[in-house]
Number of protein chains: 2
Amino acid sequence: MKNKYKEEVLVLFGEKLKELRLKRKLSLRALEKECDIDNSYISKIERGKANIGFHTIVELAGAFKVHPKELFNFEHEWKDEAFM
Amino acid sequence: MKNKYKEEVLVLFGEKLKELRLKRKLSLRALEKECDIDNSYISKIERGKANIGFHTIVELAGAFKVHPKELFNFEHEWKDEAFM
DNA sequence: ATTTATGCGGTAAAATATTACCGCATTTTT
DNA sequence: AAAAATGCGGTAATATTTTACCGCATAAAT
């Protein structure tokens with residue numbers, strides 16, 4: 001699959017993360033304290049600039065006490081282009 | 001959060017991956033061809049032995065043409081212990 | 001007006017994931 | 001019985017993430 005598409009999904013993931021953070025009225029630095037992830041790194045994740053690892057995903061979900069799948073709760077469909 | 005819990009989630013993820021692979025009657029080597037991930041690495045993922053990155057998750061979902069959240073479609077609840 | 005908070009860009013070092021192999025024991029197919 | 005396929009363990013080299021910082025421009029609060 002093309003990297004372009006992976007990065008699109010990363011952006012959707014980041015938007016969902018930001019949505020959750022704002023819903024709880026947390027700043028990046030406030031969230032940092034909840035999950036021990038540097039605020040500038042969280043910022044990169046929210047903008048889809050970091051190809052984060054599984055542990056990081058779980059850590060973020062844990063900070064919000066939600067199931068990790070909640071962070072993937074966005075619209076997305078595979079297109080043929082993704083593989084060409 | 002404790003690493004132990006992240007690894008538990010990793011195991012659940014791996015089981016779900018294996019479930020999807022078997023449902024489609026694919027061997028590790030057959031799946032390898034669909035997603036360009038080495039079969040022995042897939043094997044580690046299925047057993048929860050690899051803290052995989054986001055790109056890898058998306059690549060695997062793409063091989064099955066499912067939404068990435070499908071790979072997180074397992075039962076899981078946060079326990080207080082996870083943070084102590 | 002001053003102070004404080006916020007998002008974000010950059011960075012060097014350390015830790016870790018990923019690749020691309022090999023081989024082996026066991027199961028499945030022919 | 002022989003051949004082929006399968007799951008899996010190991011490994012060295014490479015690529016990448018992650019950490020732990022700094023500072024700055026702007027926004028918000030006092």
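Naming convention: chains lettered A, B, ... in sequence-line order (proteins, then strands); numbering from 1 in each chain.
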Just how far, in rounded Å, is P of C:dT28 from CG of B:Leu26? 17 Å

Base, sugar-phosphate or nothing for B:Asn51? Non-hydrogen atoms, less than 4.0 Å. sugar-phosphate

Closer to the 5' end of DNA chain C via nearest nucleotide, is it A:Lys49 or A:Ala30? A:Ala30

Separation between CD (A:Glu70) and CG (A:Asn73), nearest 0.5 Å, reads 5.0 Å

Which one, D:dC21, C:dT18, C:dG10, comes nearest to the side chain of A:Lys44? C:dG10

To the nearest Å, how far apart are B:Lys6 NZ and C:dT16 P? 11 Å

A:Ser43 side chain: which of D:dC21, C:dC8, D:dT6 is closest? C:dC8

Atom-pair distance (CD1 on B:Ile42; P on C:dT18), nearest Å: 12 Å

Would you check if B:Phe64 and B:Glu34 make a side-chain contact, meaning some heavy-atom pair closer than 4.5 Å? no

Quick check with a 6.0 Å cut-off and a 45 degree axis cone: is B:Lys65 positioned over the face of A:Phe83's six-membered ring? yes

Out of D:dG10, D:dT17, D:dA20, whichever nucleotide has its closest atom nearest the side chain of B:Ser40: D:dG10

Is the B:Phe74 ring parallel, tilted or perpendicular to the B:His76 ring (thresholds 30°, 60°)? perpendicular

With respect to the phosphate group of C:dG7, does any side-chain polar atom (N or O) of A:Arg21 fall under 4.0 Å of OP1 or OP2? yes

Among C:dT18, C:dC8, C:dC21, which nucleotide sits nearest the side chain of A:Asn39? C:dC8

note: B:Arg29, atom CZ; C:dT26, atom C1'; distance rounded to Å ~ 13 Å

Check whether any side-chain heavy atom of B:Glu81 lies under 4.5 Å from a side-chain heavy atom of B:Tyr5, and answer yes or no. yes

Would you mind reading off the distance between A:Glu46 atom CD and C:dC8 atom P, rounded to a whole angstrom? 7 Å

In whole Å, I'd like the distance from the NE2 atom of A:His55 to the P atom of D:dT18. 10 Å

What's the OH-C1' distance between A:Tyr41 and C:dA12, to the nearest Å? 16 Å

Value in whole Å for how far the P atom of C:dG10 lies from CG of A:Asp38: 15 Å

